Amino acid sequence: MENCFISDFSRHVDERVTVQGWVANRRSSGRVSFLILRDGTGICQAIVERDTIGDIYPEIKKLPLESSLRVHGHVVKEERSPGGYELHVDGIHIIHKAEEFPIGKKEHGPDFLLSQRHLWLRSPRQISIMRIRDAIIRYVREFFSINGFTLIDTPIFTTTCGEDSTNLFSVDYFDLGKTYLSQTGQLYLEALIPGLGKVYCLGPTFRAERSKTRRHLTEFWMVEGEMAFYEHKDNLDLQEQFVSYVVQKTLAEKEDELKKIERDIEPLRNITPPFYRISYDEALEILKGKGSDIQWGSDLGGDDETLITGLFDKPVFIECYPKKTKAFYMKQHPEKPEYVLCADLLAPEGYGEIIGGSQREDDLNVLLNSIRDNGLDPERYGWYLDLRRFGSVPHSGFGLGIERTVAWICGLKHVRETIPFPRMLYRAYP
RNA sequence: UCCUCGGUAGCUCAAUCGGCAGAGCGGGUGGCUGUUAACCACUAGGUUGGGGGUUCAAGUCCCUCCCGGGGAGCCA
């Protein structure tokens with residue numbers, strides 16, 4: 001008798017099959033026990049009757065949750081059963097009798113659940129989130145592939161910093177002294193566009209910020225695109241197509257998983273181009289009109305973002321920030337030198353920033369000055385400056401946070417549930 | 001780093017003005033032939049995060065340290 005996956009039950013009705021999996025839940029009523037089995041493809045209810053199964057029945061009836069089993073039985077269509085099918089069991093082999101499982105059926109707090117993350121990941125809700133995360137990453141790759149981008153794997157150990165040097169994790173690197181864990185692959189992507197035109201990277205990113213909020217992880221996954229001959233507006237057009245593609249594809253193919261985690265999917269149907277675009281100065285006017293005392297030159301805070309996204313039913317770009325609030329590599333605005341050609345994309349429903357992007361500075365001397373103005377050492381950026389010496393062209397790019405995007409699409413309060421093993425300020429275990 | 005909230009049974013929480021430390025779930029024992037977080041009965045389970053102090057008396061008040069949640073700054 002062949003092993004059968006629960007997801008294939010519809011093709012095996014009334015057949016005798018073998019299923020291997022774990023006991024997700026268990027109920028009993030005298031002479032009959034109901035085991036909810038999980039096999040990695042789905043869940044089903046297995047009916048075990050005392051009179052059929054024999055001597056092993058008392059042990060099955062008290063089997064600890066998450067014990068692993070190999071069961072034999074007939075697949076029956078049954079509307080009362082979760083999943084629509086159930087298994088009438090005539091034979092059971094206990095592969096491993098579990099110890100008392102720490103995660104119970106009732107509510108738990110975040111501290112406990114995070115300390116048990118390796119076991120928490122077996123919960124139905126976490127399983128759905130992991131499936132949606134997988135799908136989102138697949139659609140991200142698909143979008144870039146369809147649109148002529150080449151995947152470039154950028155290094156994790158770096159000697160140049162993309163953002164602010166105070167937020168780097170440093171690592172001893174043999175006799176070369178300090179290297180840093182990558183904050184961004186962007187600078188390296190820029191080196192690839194003369195050869196490949198449009199490139200992207202997708203990988204882990206490390207930020208040593210002492211952030212303790214629902215939007216921050218110290219280790220997170222970012223996808224970054226970099227495009228030759230794309231100017232600021234081309235960059236925004238691409239980003240809204242990209243985000244729309246990922247959201248619509250997720251809705252089309254993962255609606256069942258979204259419903260399992262009780263995501264209201266109606267607001268997501270609306271995520272199609274064009275998105276809203278307002279300038280930093282316009283955002284400031286809106287915020288001041290709402291009673292904020294935000295000053296020109298300061299970045300938008302979490303509350304500011306929430307306030308603005310609440311006014312729009314689609315994602316909104318905030319364009320052209322003051323140069324002093326942004327990274328050194330952003331291109332100076334041609335008419336207003338105190339601004340840069342950049343945009344952050346804020347997701348609706350209060351989720352806030354999911355993309356940061358900009359046109360890059362392509363003038364060698366302006367870039368050099370910008371590096372010096374930011375207190376960075378031009379010596380370390382020799383290779384990066386070379387890119388402006390050998391056929392410099394206008395180019396743009398952006399980075400999208402995978403966890404923030406998954407949190408938004410799934411409707412989760414906190415990014416910690418969107419990654420299998422979250423790394424946070426006070427948590428690197430398990 | 002700063003602000004704020006919290007730490008009581010394995011888990012989630014309660015305990016009035018400082019006055020006998022409790023419940024649900026989970027565990028154990030037994031019952032029930034169709035359960036849907038199954039249910040019913042009984043039962044075991046505590047250095048109230050650590051240390052110090054005030055008091056006749058501290059889970060409760062004070063000091064201090066540790067751990068965690070939420071937020072700020074910063075960012076995706």
Side-chain angles (χ1 to χ4, degrees), chain A residues 24-36 43-52 57-58 61-62 64-65 76 78-83 86 88 99-116 119-120 123-124 162-164 166-168 183-186 202-224 239 298-306 321 325-327 344-347 351-357 398-408 413-416 418-419 424-427 429:
Chain A
N25 198 3
R26 175 175 52 73
R27 296 178 282 271
S28 69
S29 176
R31 292 180 199 170
V32 59
S33 280
F34 304 87
L35 304 180
I36 305 300
I43 59 164
C44 77
Q45 177 162 272
I47 311 302
V48 184
E49 289 177 297
R50 185 176 69 185
D51 297 342
T52 309
Y57 186 77
K61 192 178 167 179
K62 299 198 306 185
L65 296 186
V76 175
E78 171 57 68
E79 287 189 4
R80 287 175 294 181
S81 171
E86 63 182 21
H88 286 244
E99 297 177 22
E100 187 191 330
F101 199 63
I103 299 178
K105 299 177 197 173
K106 277 217 165 181
E107 222 174 283
H108 296 285
D111 183 28
F112 176 75
L113 287 171
L114 287 166
S115 72
Q116 305 289 331
L119 304 177
W120 186 22
S123 305
E163 310 288 337
D164 180 352
T166 58
N167 294 332
L168 291 158
Q183 286 177 315
T184 168
Q186 176 207 317
L202 171 55
T205 301
F206 307 89
R207 302 269 168 100
E209 295 155 4
R210 299 183 79 80
S211 303
K212 236 171 75 91
T213 82
R214 68 184 63 203
R215 303 186 306 280
H216 287 88
L217 297 167
T218 54
E219 177 185 316
F220 66 97
W221 284 61
M222 183 157 69
V223 57
E224 296 173 272
Q239 288 172 42
S298 60
D299 209 344
L300 271 53
D303 290 345
D304 302 322
E305 289 186 1
T306 304
Y321 280 68
T325 66
K326 291 293 179 179
D344 287 348
L345 181 65
L346 310 185
Y351 278 90
E353 186 172 355
I354 55 170
I355 285 182
F398 65 93
L400 171 132
I402 295 291
E403 286 74 21
R404 288 185 181 178
T405 303
V406 175
W408 166 44
K413 286 199 184 85
H414 202 301
V415 292
R416 65 189 165 206
T418 66
I419 188 166
M424 294 176 289
L425 186 51
Y426 295 127
R427 220 174 259 285
Y429 174 95

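Remember, it's a predicted structure, so these values are computed and weren't measured experimentally. Each chain gets a letter, A, B and so on, in the order the sequences are listed, and its residues count up from 1.
- Atom name C1', nucleotides B:rU35 and B:rU47: the rounded distance is 42 Å, in whole Å.
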The test is side-chain contact (heavy atoms from CB on, under 4.5 Å); show your working for A:I419 and A:I402 and say whether it passes.
CA-CA 9 Å; A:I419 188 166; A:I402 295 291; over 6 Å; no
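- As a whole-Å value, the separation of A:L119 CG from B:rG26 P is 18 Å.
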From CA spacing to verdict: side-chain contact (heavy atoms from CB on, under 4.5 Å), A:F220, A:R207:
CA-CA 8 Å; A:F220 66 97; A:R207 302 269 168 100; 3.6 Å; yes
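- Among the atoms of the strands shown, base atoms are found under 4.0 Å from some heavy atom of A:S28.
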side-chain contact (heavy atoms from CB on, under 4.5 Å) assessment of A:T218 paired with A:F206:
CA-CA 6 Å; A:T218 54; A:F206 307 89; over 6 Å; no
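- Taking only side-chain nitrogens and oxygens, A:R26 never comes nearer than 4.0 Å to OP1 or OP2 of B:rG26.
- Mapped onto RNA chain B by nearest heavy atom, A:S29 and A:P64 fall at different nucleotides, with A:P64 at the one closer to the 5' end.
- Spacing of C1' atoms, B:rG45 relative to B:rG27, comes out at 9 Å, to the nearest Å.
- Not a single donor-acceptor pair, N or O on each side, falls under 3.5 Å between the base of B:rG70 and the side chain of A:T213.
- Nearest to the side-chain atoms of A:H88 among the listed nucleotides B:rG34, B:rC32, B:rA37 stands B:rG34.
- Side-chain N/O atoms of A:R210 include one lying less than 4.0 angstrom from OP1 or OP2 on B:rU1.
- A:L400 has its CG atom 11 Å from the P atom of B:rA76, to the nearest Å.
- B:rG59 and B:rC65 are spaced 23 Å apart, taking the P atom of each and rounding to whole Å.
- For B:rC67 and B:rG28, the P atoms lie 35 Å apart once the distance is rounded to whole Å.
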Working note: A:F112 + A:I103, criterion side-chain contact (heavy atoms from CB on, under 4.5 Å); need CA distance, chi angles, decisive distance, verdict.
CA-CA 9 Å; A:F112 176 75; A:I103 299 178; 4.2 Å; yes
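- Within the 4.0 Å cut-off from OP1 or OP2 of B:rC74, not a single side-chain nitrogen or oxygen of A:K212 is found.
- Checked against salt bridge (Lys or Arg N to Asp or Glu O under 4.0 Å), A:E403 has the following partners two or more places apart in sequence or in another chain: A:R133.
- A:Q45 has its CD atom 13 Å from the P atom of B:rG34, to the nearest Å.
- Nucleic acid contact class of A:R427 (heavy atoms, under 4.0 Å, all strands): sugar-phosphate only.
- Listed nucleotides: B:rG34, B:rG70, B:rC74. Nearest to the side chain of A:H414: B:rG70.
- Proximity of A:R27 to A:I36: side-chain heavy atoms (C-beta onward) are separated by under 4.5 Å at one or more points.
- The distance from atom OH of A:Y57 to atom P of B:rU33 is 10 Å, rounded to the nearest whole Å.
- Sequence order on RNA chain B of the closest nucleotides to A:K326 and A:F34 puts A:F34 first from the 5' end.
- Neither OP1 nor OP2 of B:rC74 sits under 4.0 Å from any side-chain N or O of A:R215.
- Between the C1' atom of B:rA76 and the CZ atom of A:F206 lies a distance of 14 Å, rounded to the nearest Å.
- A syn orientation is assigned to B:rC17, its glycosidic angle lying within 90° of 0.
- For the pair A:H216 and B:rG73, the criterion of a side-chain N or O lying under 4.0 Å from OP1 or OP2 is not met.
- Considering CD of A:E353 and CZ of A:R215, their distance stands at 9.0 Å, rounded to 0.5 Å.
- With hydrogens and angles ignored, no donor-acceptor pair under 3.5 angstrom links the side chain of A:H108 to the base of B:rC11.
- In this entry B:rC2 has B:rG71 as its Watson-Crick or G-U wobble partner, both defining distances falling under 3.5 Å.
- Residues A:P110 and A:H414 are not in side-chain contact: their nearest non-hydrogen atoms beyond the backbone lie 4.5 Å or more apart.
- Between B:rA41 and B:rG49, the two P atoms lie 32 Å apart (nearest whole Å).
- Between the side chain of A:R404 and the base of B:rC75, at least one donor-acceptor pair of N or O atoms lies under 3.5 Å.
- Residue A:R416 has a polar side-chain atom (N or O) positioned under 4.0 Å from OP1 or OP2 of B:rG70.
- Residue A:F220 places its side chain closer to B:rA76 than to any other of B:rG69, B:rG70, B:rA76.
- What separates CZ of A:R31 from C1' of B:rU33 is a distance of 7 Å, to the nearest Å.
- Counting any heavy atom pair closer than 4.0 Å across all strands shown, A:I402 reaches no nucleic acid atom.
- As a whole-Å value, the separation of A:E99 CD from B:rG26 C1' is 15 Å.
- Here A:E100 lies in heavy-atom contact (under 4.0 Å) with sugar-phosphate atoms only.
- Each of B:rC32, B:rC74, B:rG34 was ranked by its minimum atom distance to the side chain of A:K61; first place goes to B:rC32.
- The same atom, C1', is picked in B:rA9 and in B:rG22; the two are 10 Å apart, to the nearest Å.
- The base of B:rG34 lies close enough to the side chain of A:E86 for a donor and an acceptor atom to sit less than 3.5 Å apart.
- Using a 4.0 Å heavy-atom cutoff across all strands shown, A:N25 reaches sugar-phosphate atoms only and no base atom.
- A:G104 comes within 4.0 angstrom of nothing in the nucleic acid, heavy atoms only.
- Applying the 3.5 Å distance criterion, the base of B:rC75 shares no donor-acceptor pair with the side chain of A:S211.
- Between B:rG53 and B:rG10, the two C1' atoms lie 33 Å apart (nearest whole Å).
- Per the geometry, CE belonging to A:M424 stands 10 Å off C1' belonging to B:rG69, to the nearest Å.
- Using N1 to N3 plus N6-O4 or O6-N4 for Watson-Crick, or N1-O2 and O6-N3 for G-U wobble, each under 3.5 Å, B:rC20 pairs with nothing.
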